[in-house]
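Letters A, B, ... are given to chains in the order of the sequence lines, protein chains preceding strands, and every chain is numbered from 1. Note that this is a predicted model, so its numbers are computed, not measured.
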Protein chains: 2
Amino acid sequence: MISGKFAITIHILTLLHQFPEEYLSSEFLASSMNVHPVLVRKEIANLKKNNIVVSKEGKNGGSKLSVSAASLTLDTIFKMTFETVNLGYAKNTPNPKCPIGRKMNEKLSDLYDEINTKISSELSNITLEKFSNQF
Amino acid sequence: MISGKFAITIHILTLLHQFPEEYLSSEFLASSMNVHPVLVRKEIANLKKNNIVVSKEGKNGGSKLSVSAASLTLDTIFKMTFETVNLGYAKNTPNPKCPIGRKMNEKLSDLYDEINTKISSELSNITLEKFSNQF
DNA sequence: TATATTTGTAACATATTTTATTACAGTATG
DNA sequence: CATACTGTAATAAAATATGTTACAAATATA
């Protein structure tokens, strides 16, 4: 099971980019992706923490992009919504008495680090503008 | 939550490579990674289906590599243990009435396809032998 | 200023997925 | 023939993700 944070965040940003002049409500955004508005607000909280959107409370409130879509790359979103991508660990606690088990997580981590670097470099070539303009 | 299939399978293969002449039991393998032997047997079933290991039932039975560790790359394991790696979908059913929502999963899929290709090409440079010789 | 609407957030409930456990038939070894 | 394995299904438990409810605080606008 992979949390939909990345997808939800990309979806939010795409919508915000498509309606650049308006403050879009979490309910409107949620209805496009068919998830609960509270989930949307949680991801928006994360986007705000990273200074990517601004929100306005109260009536006619909502959220709006606060950076240019041409300068925001998907790599940033990737790093915001994943600790790291990994392909899993057998367990956090392999047997320390086994010389292989003892070092397995470390070696898997090294491997996953390489993969993350690749993904990041791939995503750093895709701006929100470019992604959004596919629609 | 990411299933540990990849990690468990790599762990199994590393142990099999370290003890190339022996049939290793699922209990021995499981004790190195501290998971349940039945989980190990399930991954071994997958490895057998892909003709990477052979097993012997009965007393003193267990599993053994049936391919050379130098010719097996981690890419093969990746493809065996993941449908695809993806960064998640907001939901399988975004709102079809929304022109953005309607096409989102398709565009995310395209993106994830690119990422998978990168990961595969990265992993195809790492043989089991190379990985295992780190220990 | 009162009302309606929206964010922000916490607390809890439900659903889904992963992992563990139990059970037992089948098979090879000695 | 007893023992020690695999193979596999069925079920239980644990972990995680998602949904829901609730409500305080903020703000537009009637």
Side-chain angles (χ1 to χ4, degrees), chain A residues 1-9 11-12 15-16 19 22-31 33-50 52-64 66 81-83 85-95, chain B residues 1-9 11-12 16 19 22-50 53-64 66 81-95:
Chain A
M1 201 195 318
I2 288 181
S3 137
K5 282 170 198 263
F6 178 82
I8 289 176
T9 303
H11 201 141
I12 291 169
L15 289 165
L16 295 183
F19 301 94
E22 300 173 49
Y23 283 90
L24 302 181
S25 74
S26 62
E27 192 171 327
F28 174 82
L29 295 168
S31 82
M33 57 195 99
N34 196 22
V35 297
H36 201 276
V38 170
L39 268 187
V40 171
R41 298 209 282 271
K42 280 176 187 167
E43 295 318 312
I44 285 176
N46 196 15
L47 285 164
K48 284 174 64 183
K49 205 172 66 189
N50 287 275
I52 293 169
V53 308
V54 286
S55 298
K56 209 170 65 170
E57 294 187 30
K59 191 168 177 180
N60 297 331
S63 302
K64 214 173 85 149
S66 67
T81 53
F82 283 88
E83 296 295 308
V85 157
N86 65 56
L87 306 180
Y89 294 93
K91 230 187 177 180
N92 294 328
T93 55
N95 188 345
Chain B
M1 200 194 320
I2 288 181
S3 137
K5 282 171 198 264
F6 178 82
I8 289 176
T9 303
H11 201 141
I12 291 168
L16 295 183
F19 300 93
E22 301 173 50
Y23 284 91
L24 302 182
S25 74
S26 61
E27 191 170 327
F28 173 81
L29 296 168
S31 80
S32 169
M33 58 195 98
N34 195 22
V35 297
H36 201 277
V38 170
L39 268 187
V40 171
R41 298 210 282 270
K42 279 178 187 165
E43 296 318 313
I44 284 176
N46 197 14
L47 286 164
K48 284 174 64 182
K49 204 172 67 188
N50 286 276
V53 309
V54 286
S55 298
K56 209 172 64 171
E57 294 187 30
K59 192 169 177 179
N60 296 332
S63 301
K64 213 173 85 150
S66 67
T81 54
F82 284 90
E83 296 295 308
T84 63
V85 158
N86 65 56
L87 307 180
Y89 295 92
K91 231 187 176 181
N92 294 327
T93 55
N95 188 346

- Task: Check the distance between C:dT18's P and B:E43's CD and give it to me in whole angstrom.
- Result: 11 Å
- Within-4.5 Å side-chain heavy-atom neighbours: B:N46 and B:T9: no
- Calculate the interatomic distance between B:K42 atom NZ and D:dG7 atom C1'; express it in whole Å. 11 Å
- Whole-Å distance, A:E57 CD to D:dA28 P, equals 11 Å
- Note on the structure: B:Y23 atom OH is separated from C:dA28 atom C1', nearest whole Å, by 12 Å
- Taking the side chain as every heavy atom from C-beta outward, state whether A:H11 and A:I8 have any pair of such atoms under 4.5 Å apart. no
- Message: Classify B:G58 by what it touches in the nucleic acid, base, sugar-phosphate, or nothing, heavy-atom distance under 4.0 Å.
- Response: base
- Message: Distance check needed: D:dA4 P versus B:R41 CZ, whole Å only.
- Response: 15 Å
- So, do A:I44 and A:L29 sit near enough that their side-chain heavy atoms are less than 4.5 Å apart? yes
- Item | Rounded distance in Å - CG (B:N46) to P (D:dT6) | 17 Å
- Which is true for A:S26 with a 4.0 Å heavy-atom rule: it touches a base, it touches only sugar-phosphate, or it touches nothing? sugar-phosphate
- Message: Let me spell it out: for each of A:K56 and A:L39, pick the nucleotide of DNA chain D with the closest heavy atom. Which residue's pick is nearer the 5' end?
- Response: A:L39
- Query: Picking from C:dT9, D:dG7, C:dA20, which would you name as closest to the side chain of B:V35?
  - Reply: C:dA20
- Could you tell me the separation between the NZ atom of A:K59 and the P atom of C:dT3, rounded to a whole number of Å? 13 Å
- Could you state the interatomic distance from CD (B:E27) to NE2 (B:H36), rounded to the nearest 0.5 Å? 9.5 Å
- Item | Phosphate-side-chain proximity, A:N60 and D:dT27, N/O vs OP1/OP2 below 4.0 Å | no
- Message: Using whole Å, what does the distance between atom P of nucleotide C:dT14 and atom NE2 of A:H36 come to?
- Response: 14 Å
